[in-house]
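Just so it is clear: chains get the letters A, B, ... in the order the sequence lines come, proteins before strands, and each one is counted from 1. Reckoned from all heavy atoms, side chains included, excluding hydrogens, waters and symmetry mates.
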There are 2 protein chains.
Amino acid sequence: MDNNEVTIHDIANILEIDSSTVSRALNNSPRVAKKTKDKILAKANELGYQRNHLASNLRKSKTFTIGVIVPRISRHFFSSAIAGIEETAFKAGYNVIICQSLESLEREQSIIDTLLANRVDGVLVSISMETINYNHFKGLQQRNIPFVFFDRHCNISENSKVVIDDFEAAFTAVEHLIEQKSTEIAHFAGPQNLEIYKNRFKGYKAALEKYNIPFREELVITSTLMEKDGSENVKKLLALPYKVDGIFCANDVVAIGTIQHLKKMNIKIPEEIAIVGFSNESISSVIEPALTTINQSGTEIGNVATKLLLDKISNKTKKGIHETIIVKTNLIERTSSLRTKK
Amino acid sequence: MDNNEVTIHDIANILEIDSSTVSRALNNSPRVAKKTKDKILAKANELGYQRNHLASNLRKSKTFTIGVIVPRISRHFFSSAIAGIEETAFKAGYNVIICQSLESLEREQSIIDTLLANRVDGVLVSISMETINYNHFKGLQQRNIPFVFFDRHCNISENSKVVIDDFEAAFTAVEHLIEQKSTEIAHFAGPQNLEIYKNRFKGYKAALEKYNIPFREELVITSTLMEKDGSENVKKLLALPYKVDGIFCANDVVAIGTIQHLKKMNIKIPEEIAIVGFSNESISSVIEPALTTINQSGTEIGNVATKLLLDKISNKTKKGIHETIIVKTNLIERTSSLRTKK
DNA sequence: CTGTTAGCGCCTTCAG
DNA sequence: CTGAAGGCGCTAACAG
């Protein structure tokens with residue numbers, strides 16, 4: 001079929017030298033005479049030589065590939081995170097295999113098997129909504145394949161992660177609502193088996209407590225992360241016997257649904273109900289006009305996580321040392337019409 | 001580091017048979033006795049053997065990897081297309097390398113080099129906005145690496161592609177506006193070097209012609225594909241000396257910007273200005289309430305394109321035969337309040 | 001500085 | 001049905 005690929009042996013034969021010298025030259029080893037090196041490079045160029053990574057990697061028993069597991073690639077946050085991951089990985093000469101767990105634990109497990117079979121050099125993971133046990137990560141540990149969690153991490157024994165300060169961000173968000181004179185503040189929470197949503201919930205509670213606002217069970221609505229949850233949550237709120245005037249939304253997609261529904265109901269944001277929610281580059285503009293957002297850069301998180309993983313792969317980070325990197329978020333007010341009085 | 005990997009030789013040694021027999025058994029060759037095969041499989045399982053794809057692929061000079069080039073992964077359409085691609089590819093045992101051209105021709109060229117260096121078995125491409133010459137695809141042709149365009153194709157000599165019927169979709173869209181009694185219909189067009197936007201423009205013109213609506217140069221506003229283009233385009237329309245009452249938007253992101261701006265201006269959709277635009281699974285709900293959409297499934301296009309590519313790779317499709325597969329779109333009306341009278 | 005040798009792990013003739 | 005032998009293309013000792 002295609003046996004016309006140029007190999008180092010072809011170059012060696014033509015130049016009447018040994019293939020190992022050619023190999024060294026092409027790897028820019030200092031132990032080759034400048035003159036021969038030039039000659040080799042010139043000939044390689046002329047013949048259109050391209051290194052066969054398969055062979056090279058086999059020899060070095062390294063794939064220069066990292067695996068990425070995300071719940072769903074079409075989620076705004078994750079696609080921007082992947083953009084960041086690709087960027088950093090490519091620069092370092094690594095390829096990326098992207099896999100979607102589709103929020104299923106079972107799929108997550110089988111993906112790890114696939115990645116192991118593909119001998120990836122490292123793995124980046126943002127766990128699925130269903131993930132409550134972490135046995136499938138043992139396989140990676142056993143085989144000494146470094147992995148780093150990003151965003152949706154888990155409290156597994158020790159492992160590195162790149163996250164935002166969910167507690168802090170939530171606290172600030174709720175504080176912001178309080179400063180806007182909200183007193184009945186609802187929380188649209190995410191799945192409580194995920195650490196990030198647990199912490200956002202904690203931040204919510206802590207802020208209420210600081211300002212002596214009573215915590216009401218019925219104002220916390222936990223749901224999966226669908227857009228329709230937003231509108232359903234709003235319906236539940238409106239059915240309550242008192243008027244909610246603030247919402248802290250733990251997830252961007254839910255926030256969109258929430259805003260859509262409020263608009264449909266002709267409820268003014270933020271005059272009647274103020275909202276604070278998470279967002280990222282790719283989605284912010286859609287919800288920008290409507291709410292104050294905690295800006296969370298997927299690209300940056302992807303970049304940072306990949307850098308950390310690559311460090312681990314090349315053993316720059318000593319084995320057994322596990323870092324937690326916290327990527328900063330910032331609160332962006334989108335509306336000028338703050339409710340300074342009520 | 002990790003020399004504890006189990007190989008076929010380990011299995012062969014333990015069982016005191018030859019490694020080639022083990023290889024055959026693991027590949028389910030019919031030329032191995034059932035008894036030995038069972039024995040081998042059992043032992044392989046016991047030892048946790050996993051085939052080393054690097055070695056296997058090197059031997060077969062095949063990577064079981066396909067390259068994907070898209071303008072930008074965080075674009076809704078492309079991330080859903082990638083989801084479809086991954087799905088089909090994984091099922092067939094292929095991995096996927098995803099690359100973003102970031103709308104740059106230069107990057108597109110260098111990505112192809114990277115993919116060539118990685119010896120991918122095939123490539124799926126949606127070209128960048130800047131792509132006007134197609135020389136970089138010659139490299140793929142020369143090396144006999146099949147490639148398939150999807151969505152943003154180009155009119156290169158012959159090659160397979162998976163697309164929607166842009167002309168037809170545009171025609172239907174504009175017809176729909178006309179049925180809604182729109183008479184001054186604007187077209188927010190995309191870059192005219194891309195075939196898809198060229199064809200959408202043609203469809204727009206053809207529909208006007210059919211209904212004897214005069215074509216006005218100034219109602220066609222061509223822009224890049226940013227959200228801000230939407231609002232800028234609207235501003236231009238509003239400055240015109242007559243009232244536009246319909247917009248056919250050739251791109252989903254621009255459509256969002258358009259709707260945002262119209263809403264900000266308190267212009268009612270569709271009563272004052274009706275809009276028809278493209279959309280896909282992941283974005284439709286955001287714009288759903290506002291406009292009629294031409295639904296274009298990224299996932300399906302991804303699936304179909306990958307199937308076609310895999311066929312080409314395995315030579316099921318005879319070489320030199322180039323197919324064009326047209327994925328169906330459908331018009332979805334989102335608003336009940338049609339302007340039946342004006 | 002360069003050549004020799006020996007694999008990485010797997011697959012595929014070719015014999016038997 | 002199984003074994004022996006060779007090699008995919010590259011790299012890493014080890015000599016010289």
Side-chain angles (χ1 to χ4, degrees), chain A residues 1-41 43-44 47-65 93 116-121 143, chain B residues 1-41 43-44 47-65 93 116-121 143:
Chain A
M1 191 150 121
D2 49 330
N3 39 6
N4 49 349
E5 306 274 1
V6 183
T7 75
I8 52 173
H9 292 106
D10 298 331
I11 300 177
N13 283 336
I14 296 177
L15 262 36
E16 295 183 312
I17 51 178
D18 194 84
S19 63
S20 58
T21 306
V22 177
S23 173
R24 279 190 280 258
L26 293 170
N27 284 297
N28 205 17
S29 155
R31 309 190 316 149
V32 183
K34 173 109 181 52
K35 225 176 80 183
T36 22
K37 196 183 278 184
D38 288 346
K39 209 167 56 182
I40 292 169
L41 258 53
K43 186 56 79 182
L47 300 178
Y49 169 82
Q50 277 190 306
R51 168 191 277 108
N52 185 327
H53 285 94
L54 280 181
S56 167
N57 292 345
L58 171 61
R59 186 59 235 261
K60 299 201 275 198
S61 67
K62 200 166 158 17
T63 54
F64 289 96
T65 301
L116 283 174
N118 278 290
R119 301 287 200 280
V120 293
D121 294 334
R143 290 177 177 247
Chain B
M1 190 150 123
D2 49 332
N3 38 5
N4 49 349
E5 305 275 2
V6 183
T7 75
I8 51 173
H9 292 105
D10 298 331
I11 300 177
N13 283 336
I14 295 176
L15 262 37
E16 293 184 314
I17 52 177
D18 194 85
S19 63
S20 57
T21 307
V22 178
S23 172
R24 277 190 280 259
L26 293 171
N27 285 297
N28 204 18
S29 156
R31 308 190 316 149
V32 182
K34 173 109 179 53
K35 224 177 78 183
T36 23
K37 198 184 277 186
D38 288 345
K39 210 169 54 184
I40 291 169
L41 258 51
K43 187 55 82 183
L47 300 179
Y49 170 82
Q50 276 191 307
R51 169 192 275 108
N52 184 326
H53 285 95
L54 279 181
S56 164
N57 292 346
L58 171 61
R59 184 60 234 264
K60 300 200 275 199
S61 67
K62 200 163 157 19
T63 54
F64 289 97
T65 300
L116 283 173
N118 277 290
R119 300 289 201 279
V120 291
D121 294 334
R143 290 179 177 247

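- Across all strands shown, A:N57 has no heavy atoms under 4.0 Å from either base or sugar-phosphate atoms.
- Taking A:K35 as the reference, nothing meets the salt bridge (charged side-chain N to carboxylate O under 4.0 Å, His left out) condition, with sequence neighbours excluded.
- Applying the ring pair (Phe, Tyr, Trp, His ring centres under 6.0 Å) rule to B:Y49 yields no partners; only residues at least two apart in sequence or on another chain are considered.
- Nearest-nucleotide mapping onto DNA chain D: of B:S19 and B:P30, the residue sitting toward the 5' end is B:P30.
- In this view, A:D38 and A:K34 satisfy the salt bridge (charged side-chain N to carboxylate O under 4.0 Å, His left out) rule, not counting sequence neighbours.
- Side-chain contact annotation: B:T63 with B:N57, donor-acceptor N/O pair under 3.5 Å absent.
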Check: protein-nucleotides 12-15 of chain D nitrogen or oxygen pairs below 3.5 Å:
residue: D:dA13; atom: N6; partner: A:R24; partner atom: NH1; Å: 3.4

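- Under the side chain to side chain contact (heavy atoms under 4.5 Å, CB included) criterion, B:N13 pairs with no residue at all, not counting sequence neighbours.
- With sequence neighbours excluded, no residue forms a salt bridge (charged side-chain N to carboxylate O under 4.0 Å, His left out) with B:K37.
- Looking at residues 10-17 of chain A, you'll see that no heavy atom sits under 4.0 Å from any atom of DNA chain D.
- Residues that satisfy the side chain to side chain contact (heavy atoms under 4.5 Å, CB included) test with B:I14, not counting sequence neighbours, are B:K43, B:L47.
- Partners of A:R51 according to the salt bridge (charged side-chain N to carboxylate O under 4.0 Å, His left out) rule, which considers only residues two or more places apart in sequence or in another chain, do not exist here.
- Close to C:dC8, at under 4.0 Å from its OP1 or OP2, lies no side-chain N or O of A:S61.
- Side-chain N/O atoms of A:N27 include one lying less than 4.0 angstrom from OP1 or OP2 on D:dT11.
- The listed nucleotides are C:dC10, C:dT2, D:dC10; the one nearest the side chain of B:A55 is C:dC10.
- In this entry the distance linking CD of A:Q50 with P of D:dC10 reads 11 Å, nearest Å.
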